[in-house]
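Below is one structure; the comments refer to it alone.
Counting starts at 1 for both ligands and their atoms, in listed order.
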Amino acid sequence: MLKTPDEVDPAFRADVLAGLAEPIPSIPARWLYDLRGSELFDDITRLPSYYPTRTETALLEAKMPEIATLACRDCAIVEFGSGSSTKTPLLLETMKPRAYVPIDISGEYLRDSAARVDAQFPRLPVHPVEADFTKEVALPAAIEGLRRLGFFPGSTIGNFIPRSATDLLRHFRDILGTGSKLLIGMDRVKPVERLLAAYDDPQGVTAEFNLNLLHRINRELGADIPVDAFRHEARWHDMNGRVEMHLVAVRDTAFAIDGRRFAFAKGASIHTENSHKYGARGARLLLLAGGWTPLAEWTDAAGDFALILAEAQRNRFAP
Ligand code: AVI
């Protein structure tokens with residue numbers, strides 16, 4: 001559906017114009033998720049080669065009684081970026097929290113998922129908050145006085161460069177407060193072939209997800225990007241420990257956005273996403289740097305994915 005100029009987020013336009021003019025052209029990954037992008041991401045989570053979602057879900061199913069005992073006694077669960085909230089029922093069933101606070105930037109998704117949780121858990125108070133969790137978030141007054149458990153599944157933390165990931169974890173600590181806990185999903189480093197297969201599936205769904213960004217720019221910003229002049233590429237950046245998504249020009253090409261011209265020589269790329277993978281110690285160090293002390297962690301038998309429970313302890317400086 002074509003958006004009128006008033007409906008287009010000005011930050012999208014600004015990020016695209018600034019990002020494409022950078023010496024290494026890039027566009028922030030959050031713009032991958034318009035309605036079509038979110039549908040395609042949902043499809044990705046069901047692909048055989050995309051292991052994170054099913055591994056994390058199985059891990060939650062298998063370990064939930066133990067996680068619940070350590071994580072939540074009479075607590076309020078605050079979910080950051082609840083999206084379609086598919087993993088949430090597992091927590092709610094076992095933890096029996098006193099309240100559930102889903103936070104999501106998309107009001108539409110939020111209302112749908114809150115309604116689903118309401119229907120499934122009629123006695124649970126649900127307080128949806130429509131907000132960008134990277135910015136200021138006011139928690140509902142109704143959960144004042146309750147212990148808090150933050151829930152940040154899916155390895156979404158991996159989509160932030162470590163510096164921003166640390167800022168985000170500190171921000172979660174500020175939102176939830178000292179003494180709160182955080183249950184976070186983190187994808188592990190593994191052989192490159194498996195990582196690349198997860199981000200470049202033979203069905204081409206991830207390619208469509210990545211290329212949808214160019215369609216979105218054309219749709220919303222009235223651009224004339226020849227989408228067939230680009231192809232999806234997943235790359236492993238060993239030094240930075242991440243899978244990167246790029247859109248690579250397959251021929252020399254040029255296009256205009258808002259009257260500004262951009263030229264890409266064959267082989268040049270637009271960097272569209274990072275997905276950092278952590279080893280056991282790296283993951284814990286990231287949490288510690290963000291103000292969260294790891295308490296326990298769970299991984300699947302193959303060690304593909306980790307769920308870590310951490311606590312926002314009062315600051316203590318040795319000795
Ligand atoms: C949302 N996020 C955790 C996904 C990931 O694995 O980094 C996004 C994604 N991009 C391509 N495939 C999945």
Task: Aromatic Y51 / basic R194 pairing, under 6.0 angstrom, 45° off normal - done: yes
- [ ] Considering the heavy atoms of S155, write down every atom of ligand 1 situated less than 4.0 Å from one of them.
- [x] 3 (C)
TODO: List every atom of ligand 1 that sits less than 4.0 Å from any heavy atom of F209, numbering the atoms from 1 in the order shown and giving each element.
DONE: 10 (N), 11 (C)
Task: Polar side-chain atom of H276 near backbone of N159 as donor-acceptor pair, under 3.5 Å - done: no
Task: Within reach of ligand 1, part of Y51 (heavy-atom separation under 4.0 Å) - done: neither
Task: Nearest-contact summary for atom 7 (O) of ligand 1 - protein heavy atom, Å - done: S275 OG, 2.6 Å
Open item on the list: Let's go through K96 and T94 carefully: what are the C-alpha distance in whole Å and the side-chain angles of both, what is the deciding distance for side-chain hydrogen bond (donor to acceptor under 3.5 Å, both in side chains) to 0.1 Å, and is it a yes or a no?
Closed with: CA-CA 6 Å; K96 305 205 174 4; T94 318; over 6 Å; no
TODO: Give the contacting part of V243 toward ligand 1: side chain, backbone, both or neither, where contact means a heavy-atom distance below 4.0 Å.
DONE: neither
Task: Heavy-atom pair with the smallest gap, counting every atom of T134 and D132 - done: OG1-OD1, 2.7 Å
Open item on the list: Please compare N159, I157, T156 and report which has the shortest non-hydrogen distance to atom 2 (N) of ligand 1.
Closed with: N159
- [ ] Give the atoms of ligand 1, by number and element, whose distance to some non-hydrogen atom of Y199 is under 4.0 Å.
- [x] 5 (C), 6 (O), 7 (O), 10 (N), 11 (C), 12 (N), 13 (C)
TODO: Starting from atom 10 (N) of ligand 1, find the nearest protein heavy-atom neighbour and note its residue, name and distance.
DONE: E273 OE1, 2.7 Å
Open item on the list: Please report whether ligand 1 has a polar contact with N274, defined as an N or O pair separated by less than 3.5 Å (distance criterion only).
Closed with: no
TODO: Compute whether any side-chain donor of one residue and acceptor of the other, for W298 and E66, lie under 3.5 angstrom apart.
DONE: yes
- [ ] Would you indicate which of F41, Y50, Y33 comes nearest to atom 5 (C) of ligand 1 when only heavy atoms are counted?
- [x] Y50
Task: R242 versus N274, side-chain donor and acceptor atoms under 3.5 Å - done: yes
- [ ] Please verify whether a non-hydrogen atom of G158 lies at under 4.0 Å from ligand 1.
- [x] no
- [ ] Answer whether the closest heavy-atom distance between the side chains of M245 and F209 falls below 4.5 Å.
- [x] yes
Task: Contact with ligand 1 for P52, non-hydrogen, under 4.0 angstrom - done: no
Task: Note, L295 side chain near K181 side chain (heavy atom, < 4.5 Å) - done: yes
Task: Residue G154 vicinity, atoms of ligand 1 by number, heavy atom under 4.0 Å - done: 3 (C)
- [ ] Would you confirm whether the ring centroid of F152 sits within less than 6.0 angstrom of the ring centroid of F172?
- [x] yes
